[in-house]
Amino acid sequence: MAIDPTTLAAFKSAILRADAIDKENKKLQADFKARSTKLVAAVKEKDGPLTELLREQLGTSVDKAEDCLSDIEKFLRVDIAHIQRDKDFAESKSGQIEKLVGVVSAAQSSLTRQFELAKQIDASAEKMLKAQATGKARPCASRPSSSASSPGAARSCLR
C-alpha cells in the first residue's frame, strides 16, 4: 500500500516540530533558571527595584513558555493525530512516533514544573514588595558591597 503524501508530510512536520520544541524548551529552562535565581536573590536581599525588574523579566519567560506549550498542543493535536489516522503508517513508524512524543512530553512536564515554581517565586516577591510598601521591610539604599562596609552605609540601612 502506498504512503499517503499528507501523512508523510505530517510525519516530517512532527519531526521538525519535536526538534524545535526540544531546543526551545532547553533554551527556556536555562533562561528561567538564570532569571528565577536572580529574582530569589533580589527578594532575599529585599531589593525592591531589582525585584520589580526581575519579576517583569520572569513574566516574559513565562509568556515564552506558554507559547512553547501551545506548540506542544498543536504537535499532539495536529501532527500526531494526523499520523495516527493512517494505521499502517503509524504502525510502521511506532518507535519513532513514541520517541517524538516522549521528547515533547518531557518538555511539557518541565514547562509545567516551571510554571509552578514561577508562581511560588512571584508570590514571594509580591509579598516582599507589599511589605516594603507598608513599611515593614526597608530596602537598603546602599547595596554596593564597596560602600556597605562603611559606617555611613550601615546607618542608612538601619533608618
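Hydrogens, waters and symmetry mates play no part in the numbers below; they use all other heavy atoms, side chains included. Keep in mind it's a predicted model, so treat the numbers as computed, not measured.
Minimum heavy-atom separation, L39 to A125: CD1-CB, 4.3 Å. The shortest non-hydrogen separation linking Q29 to S110 is NE2-OG, 3.5 Å. What you find for Q132 and G48 is that their closest heavy atoms are OE1-CA, 3.4 Å. The shortest non-hydrogen separation linking S124 to V43 is OG-CG1, 3.6 Å. In terms of heavy-atom proximity, L54 sits nearest to A42 at CD1-CB, 4.0 Å.
Side chains of K46 and T51 form no contact here, defined as non-hydrogen atoms less than 4.5 Å apart. The shortest distance between side-chain heavy atoms of T7 and F11 does not fall below 4.5 Å. Counting heavy atoms from C-beta outward, E52 and L129 have side chains that approach closer than 4.5 Å. Between T6 and D86, every side-chain heavy-atom pair lies at or beyond the 4.5 Å cut-off. Between E91 and D88, every side-chain heavy-atom pair lies at or beyond the 4.5 Å cut-off.
From S92, atom OG reaches atom NZ of K87 across 13.0 Å, with rounding to the nearest 0.5 Å. To the nearest 0.5 angstrom, F89 atom CZ is 9.5 Å from D4 atom CG. Taken from CD1 in I3 to CG in L8, the straight-line distance is 6.0 Å, to the nearest 0.5 Å. Distance check: I80 CD1 to R85 CZ gives 11.5 Å after rounding to the nearest 0.5 Å. Separation of atoms CG (L69) and CG (N25) is listed at 9.0 Å; rounding is to 0.5 Å. Distance OG/S70 to CD1/I21: 10.0 Å, rounded to 0.5 Å.
For E66, there are no salt bridge (Lys or Arg N to Asp or Glu O under 4.0 Å) partners two or more places apart in sequence or in a different chain. With sequence neighbours left out, the salt bridge (Lys or Arg N to Asp or Glu O under 4.0 Å) criterion links K23 to D19. For R113, the side-chain hydrogen bond (donor to acceptor under 3.5 Å, both in side chains) criterion is met by no residue, not counting sequence neighbours. Every residue meeting the side chain to side chain contact (heavy atoms under 4.5 Å, CB included) condition with K74, not counting sequence neighbours, appears here in chain and number order: R17, V78. E73 is linked by a side chain to side chain contact (heavy atoms under 4.5 Å, CB included) to R77, counting only residues two or more places apart in sequence or in another chain. Residues meeting the side-chain hydrogen bond (donor to acceptor under 3.5 Å, both in side chains) test with D22, sequence neighbours left out: K26. Under the rule for a side chain to side chain contact (heavy atoms under 4.5 Å, CB included), the partners of D31 that lie at least two apart in sequence or sit in another chain are R35, S61. D122 is linked by a side-chain hydrogen bond (donor to acceptor under 3.5 Å, both in side chains) to R55, counting only residues two or more places apart in sequence or in another chain. With sequence neighbours excluded, the residues that form a side chain to side chain contact (heavy atoms under 4.5 Å, CB included) with E24 are K27, L28, C68.
For the ring-ring contact (aromatic ring centres under 6.0 Å, His included) condition, no pair includes a residue of residues 93-133, sequence neighbours left out. Residue pairs that meet the ring-ring contact (aromatic ring centres under 6.0 Å, His included) test with at least one member in residues 26-84, sequence neighbours left out, do not exist here.
Checking side-chain atoms of S13 against main-chain N and O of A9 turns up no donor-acceptor pair under 3.5 Å.
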Could you go through residues 95-105 and list every donor-acceptor pair under 3.5 Å that involves a side-chain atom there, pairing it with any protein atom two or more places apart or in another chain?
none

